Amino acid sequence: MGSERLLCQIMSNGRFGLYWVSVFSIHQQPLKGLSNGSEGEKESKKNIRKTSSQFPYSDSKTASVDFLPLEGDPSRELPETKPQQSKATVLYIGRIPHGFYEKEMEAYFKQFGAIKRLRIARNKKTGKSKHFGFIEFENPQVAEVVADCMHNYLLFEHLLQVHIIPPEHVHPKLWRGFNYKYKPVDYVQIERQRHNKVRTLEEHKKLVEKILKQDVRRRKRIEAAGIDYECPEIVGSVQPAPKKIKFDED
């Protein structure tokens with residue numbers, strides 16, 4: 001018990017914070033006067049001070065065999081942690097100016113590296129740009145460089161907003177139809193075809209009735225405004241009655 005207690009107290013001493021004292025060296029110098037009570041404790045402290053003064057400071061190179069250095073202990077060395085490389089290759093690009101579309105974006109961003117896919121969000125009805133899009137590079141390091149360089153980049157009076165999208169946040173339907181060239185619908189041509197289509201007699205009759213109702217409402221508004229005006233008659237409102245053809249019976 002005496003040797004174990006002495007070992008703990010020597011270890012707590014500030015001089016020997018970097019070394020462990022072997023039990024063998026302590027047993028070589030037996031302590032006298034260890035007894036129960038306050039007197040025994042005082043004598044033990046004195047003996048500890050004497051023994052601690054016998055061990056001078058020494059470097060790890062000149063240390064005796066009785067000391068084990070802690071600095072070179074391989075068990076205390078922490079494993080080297082390598083920084084995790086980002087695997088994100090998809091970028092979000094916001095505030096895209098007018099006229100900076102797929103061809104222009106591909107020609108501009110390919111100076112950083114190879115582009116895998118590119119897409120600009122467009123209106124399904126008009127085909128106009130929604131001023132944001134997505135671009136995917138083949139190399140994740142290129143994506144990081146583009147995000148650092150092009151974020152808040154002034155382009156045609158617009159500050160581009162470029163952010164990296166983590167792979168777990170990329171929507172699975174993001175690249176569906178990315179290479180589809182959208183052709184806007186020509187609604188003028190559609191209306192022209194609808195207006196000039198060949199109608200049956202029933203369809204023509206419904207169209208004339210609709211036009212006559214609109215003409216009556218227009219005449220009432222003119223009279224209510226106190227304007228003396230005679231509206232012209234609508235031509236073609238009266239359809240000629242079909243002729244009855246009689247066939248001679250043989």
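Nothing here was measured: the structure is a model prediction, and the numbers come from that model. All heavy atoms count here, side chains included; hydrogens, waters and symmetry mates do not.
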TODO: Any chance you could pull the hydrophobic cluster mates of Tyr92, using side-chain heavy atoms under 4.5 angstrom and chaining through other members?
DONE: Val90, Phe132, Phe134, Ile165, Val170, Leu174, Trp175, Phe178

Task: Verify same cluster id: Leu159, Leu155 (apolar side-chain graph, 4.5 Å) - done: no

Open item on the list: Please find the pair of heavy atoms, one from Gln161 and one from Asn152, that lie closest to each other, and give the distance.
Closed with: NE2-OD1, 3.1 Å

Task: Closest contact, heavy atoms only, Asn123 versus Lys125 - done: OD1-N, 2.8 Å

Open item on the list: My understanding is that only one of Lys103, His98, Glu104 makes a side chain to side chain donor-acceptor pair (under 3.5 Å) with Tyr101; could you say which?
Closed with: His98

Open item on the list: Within a 6.0 Å radius of atom CD on Gln111, are there more than 12 heavy atoms belonging to other residues, nucleotides or ligands?
Closed with: yes

Open item on the list: What's the separation between atom CG in Asn179 and atom CD in Glu102, rounded to the nearest 0.5 Å?
Closed with: 11.0 Å

TODO: Could you tell me which non-hydrogen atom of Ala88 sits nearest to which non-hydrogen atom of Ala143, and how far apart they are?
DONE: O-CB, 3.8 Å

Task: Donor on one side chain, acceptor on other, Arg217 and Gln214, under 3.5 Å - done: no

Open item on the list: Taking Glu191 first and then Arg194, would you say they form a salt bridge - that is, a charged N and a carboxylate O separated by under 4.0 Å?
Closed with: yes

Open item on the list: For a 4.5 angstrom cut-off between non-hydrogen side-chain atoms, does Gln141 reach Val145?
Closed with: no

Task: Nearest atoms (heavy-atom pairs only) where Val146 meets Leu91 - done: CG1-CD1, 3.6 Å

Open item on the list: If I take atom NZ from residue Lys116 and atom CD1 from residue Ile135, how far apart are they, to the nearest 0.5 angstrom?
Closed with: 13.0 Å

- [ ] Drop me the distance from Asp186's CG to Ile190's CD1, to the nearest 0.5 angstrom.
- [x] 7.0 Å

Task: Check: Arg176 side chain, Pro172 main-chain N or O, donor-acceptor pair, under 3.5 Å - done: no

Task: Exam field: side chain Arg122 to backbone Gly127, donor-acceptor pair closer than 3.5 Å - done: yes

Open item on the list: Looking at every non-hydrogen atom in both residues, tell me the closest pair between Ala147 and His151 and how far apart they are.
Closed with: O-CB, 3.2 Å

- [ ] Output the distance between atom CD1 (Ile115) and atom CG (Asn139), rounded to the nearest 0.5 Å.
- [x] 13.0 Å

Task: Separation of Ile93 CD1 from Leu118 CG (nearest 0.5 Å) - done: 7.0 Å

Task: Nearest-0.5 Å distance, NZ of residue Lys87 to CD1 of residue Ile164 - done: 15.0 Å

Task: Under 3.5 Å donor-acceptor, His131 side chain and Ile96 backbone - done: yes

Task: Polar side-chain atom of His171 near backbone of Lys173 as donor-acceptor pair, under 3.5 Å - done: yes

TODO: For residues Val208 and Lys205, determine if any side-chain heavy atom of one lies less than 4.5 Å from a side-chain heavy atom of the other.
DONE: no

Open item on the list: Ignoring hydrogens, what is the shortest heavy-atom contact between Ile120 and Ser129? Give both atom names and the distance.
Closed with: CG2-OG, 3.6 Å

